[in-house]
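Just so it is clear: chains get the letters A, B, ... in the order the sequence lines come, proteins before strands, and each one is counted from 1.
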2 protein chains.
Amino acid sequence: MLLSGAHFAAPGPEKIMASIDRSLVAHLPLFAGLSNEDLTEVLREARSIRVPRNAAVFEQGADASSFFLLLHGHVRATKTTPTGDQIVVRYVVPGDTFGVAPAIGLQHYPATATAVDDSIVLAWPSAAWPRLVARFPSLAANTLQTVGQRLQETHARVIEMSTQQVEQRIAHALLRLANQAGRKLDHGVQIDFPISRQDIAQMTGTTLHTVSRILSGWEQLGLVESGRQKIVLREPHKIVLLAEQSAGDSASRS
Amino acid sequence: MLLSGAHFAAPGPEKIMASIDRSLVAHLPLFAGLSNEDLTEVLREARSIRVPRNAAVFEQGADASSFFLLLHGHVRATKTTPTGDQIVVRYVVPGDTFGVAPAIGLQHYPATATAVDDSIVLAWPSAAWPRLVARFPSLAANTLQTVGQRLQETHARVIEMSTQQVEQRIAHALLRLANQAGRKLDHGVQIDFPISRQDIAQMTGTTLHTVSRILSGWEQLGLVESGRQKIVLREPHKIVLLAEQSAGDSASRS
DNA sequence: CGTCGAGTTGAGACGTCTCAAAACCTGTGG
DNA sequence: CCACAGGTTTTGAGACGTCTCAACTCGACG
């Protein structure tokens with residue numbers, strides 16, 4: 001399962017030969033501390049790839065042949081257990097690195113990355129990592145910071161799952177998504193990519209049924225407006241209150 | 001809340017002036033790729049500190065003045081939420097780094113570290129990190145790998161909490177602890193530091209009551225032998241089976 | 001127009017939590 | 001050396017949140 005060639009032939013991601021727009025990426029955390037020339041040198045080794053909606057960038061367990069930076073679109077990282085259960089690890093937003101298995105010493109991708117939107121990614125061959133790091137040590141330092149932050153976020157998720165009930169967890173998840181990928185509308189904030197109840201269930205450790213019930217409830221109260229793979233937060237502030245609500249104090253019962 | 005001085009005055013950790021035994025640490029992942037002289041130089045900046053049982057190495061939210069390497073003993077890292085809920089992030093075993101907040105760009109410790117055993121730690125001042133990394137880039141690369149691994153482990157924990165029920169999660173937790181800190185006895189494997197039902201509950205996202213009930217059940221079946229802050233796995237293999245058991249297939253009902 | 005994925009909703013089962021009380025163990029101070 | 005104090009563990013009983021199972025609706029797309 002190499003990145004290029006056969007694997008990408010079927011669903012259709014394709015290389016784009018245009019040179020990469022440096023102004024788009026220069027400010028990213030990954031490249032902090034690099035000069036303009038350094039950046040050019042780093043980017044020279046990357047290819048830009050179009051990934052159509054619902055196509056996989058890489059699959060869990062496959063050989064970690066590349067690491068990536070998302071330029072445009074949205075990518076969902078999921079893990080599947082031997083028993084077939086699946087969870088959503090995170091949603092990748094533009095500017096994020098992902099699939100950094102080579103950097104953390106993994107031979108194989110620990111998750112599957114799927115474009116949920118038509119997306120554009122930069123891809124470096126894994127072999128480039130040690131070379132680039134040797135030449136530009138701040139790449140390692142920057143990536144360390146990023147991975148450290150993700151570790152903190154994942155701990156936060158563990159805490160949520162340990163101490164909060166489903167409604168609070170869903171509220172948190174939606175607020176996080178709205179912050180990362182919210183599109184401001186006049187009647188609220190829309191999560192700017194297709195997302196199903198199932199996806200939310202896999203982010204919060206519950207079932208799509210429970211998610212559906214809770215969102216239906218919120219819709220009744222006018223907190224959200226949701227449809228097929230679409231969610232708009234109409235009252236973000238009230239959802240924040242829901243999220244912070246501790247197990248004891250329940251709301252008015254309609 | 002600085003590391004030295006007043007903070008450590010009360011419970012009694014004390015500096016040990018003996019030079020650090022290099023043979024003990026030379027093989028650790030953190031130091032991979034360093035020459036003997038490099039190692040000497042790195043160790044020169046560290047102090048060795050004795051931390052008595054139940055004393056804190058650092059507190060969540062405190063200024064991240066140092067980062068650490070555990071030489072001897074065991075340290076529990078915990079996080080407390082604003083509402084007072086607490087979870088166990090992990091148990092640190094000898095050879096592990098911890099409190100690496102400076103490396104991942106955090107100004108304050110995201111968790112509290114408490115010695116559960118009389119322990120000995122190496123401490124470097126935070127200010128040393130950028131200097132050491134500049135001089136020995138493999139430190140950053142090695143730490144990146146370590147943090148990456150921890151991220152994987154934490155994801156595994158999220159998956160467990162999403163897909164398994166309490167009994168399986170406890171089984172997994174105990175097996176992990178036994179692997180990391182198991183002392184082999186003739187009648188089983190003992191977890192080699194004091195650990196309460198409460199601790200296990202905070203590792204697995206449940207209550208001490210449920211942990212107690214389940215361990216009592218296991219004790220009936222002869223799988224474990226447990227007492228006050230003590231657990232011996234008598235039948236590790238059978239516990240592995242329990243851990244792998246999916247939600248559907250329940251055991252024989254006595 | 002039929003099919004299929006996404007969402008909704010009800011009813012009941014079940015695992016775990018909560019509340020409560022008691023027994024137990026261990027280190028400490030009288 | 002004993003008794004007490006405080007943390008740990010056990011166990012019961014009932015409440016409750018969420019899952020499971022099941023059926024149905026809706027809308028998009030070929």
What nitrogen or oxygen pairs link the protein and nucleotides 7-12 of chain D at under 3.5 Å?
from: D/dG7; atom 1: N2; to: B/R228; atom 2: NH1; distance (Å): 2.9
from: D/dT8; atom 1: O4'; to: B/R228; atom 2: NH1; distance (Å): 3.4
from: D/dT9; atom 1: OP1; to: B/Q229; atom 2: N; distance (Å): 2.9
from: D/dT9; atom 1: OP2; to: B/R197; atom 2: N; distance (Å): 2.9
from: D/dT10; atom 1: OP2; to: B/R197; atom 2: NH1; distance (Å): 3.1
from: D/dT10; atom 1: OP2; to: B/S212; atom 2: OG; distance (Å): 2.6
from: D/dT10; atom 1: O5'; to: B/S212; atom 2: OG; distance (Å): 3.4
from: D/dT11; atom 1: OP2; to: B/S216; atom 2: OG; distance (Å): 3.2
from: D/dT11; atom 1: O4; to: B/H209; atom 2: ND1; distance (Å): 3.2
from: D/dG12; atom 1: N7; to: B/R213; atom 2: NH1; distance (Å): 3.0
from: D/dG12; atom 1: O6; to: B/R213; atom 2: NH2; distance (Å): 3.2

For a quick check under 3.5 Å, do [X] and [Y] share a side-chain donor-acceptor pair by atom type?
X	Y	result
B/T204	B/T206	no
B/Q202	B/T78	no
A/W218	A/E235	no
A/H108	A/Q60	no

Atom [atom1] of [X] to atom [atom2] of [N]: distance rounded to whole Å?
X	N	atom1	atom2	result
B/R169	C/dG15	CZ	C1'	11 Å
A/I214	C/dG7	CD1	P	15 Å
B/N54	C/dG27	CG	P	12 Å
A/Q165	C/dT16	CD	P	16 Å
B/R53	C/dT26	CZ	C1'	11 Å
A/M161	D/dG17	CE	P	18 Å

message = List the residues meeting side chain to side chain contact (heavy atoms under 4.5 Å, CB included) with B/L208, not counting sequence neighbours, and say none if there are none.
response =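 With neighbours one apart ignored, the set is B/R197, B/Q198.
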task = Would you sort out whether B/R150 and B/T97 count as a side chain to side chain donor-acceptor pair (under 3.5 Å), showing the intermediate values?
result = CA-CA 11 Å; B/R150 284 183 203 157; B/T97 51; 3.2 Å; yes
request  = For this output row, return yes or no: ring centroids of B/Y91 and B/F193 closer than 6.0 angstrom.
outcome  = yes
message = Parallel, tilted or perpendicular: which one describes the rings of A/Y109 and A/F68, with boundaries at 30° and 60°?
response = tilted
ask   = Quick one: bend of the helix from C/dC1-D/dG30 to C/dG30-D/dC1 from 5 pairs per end, to 10°?
value = 30°
D/dC19 OP1/OP2 closer than 4.0 Å to side-chain N/O of A/T207 = yes
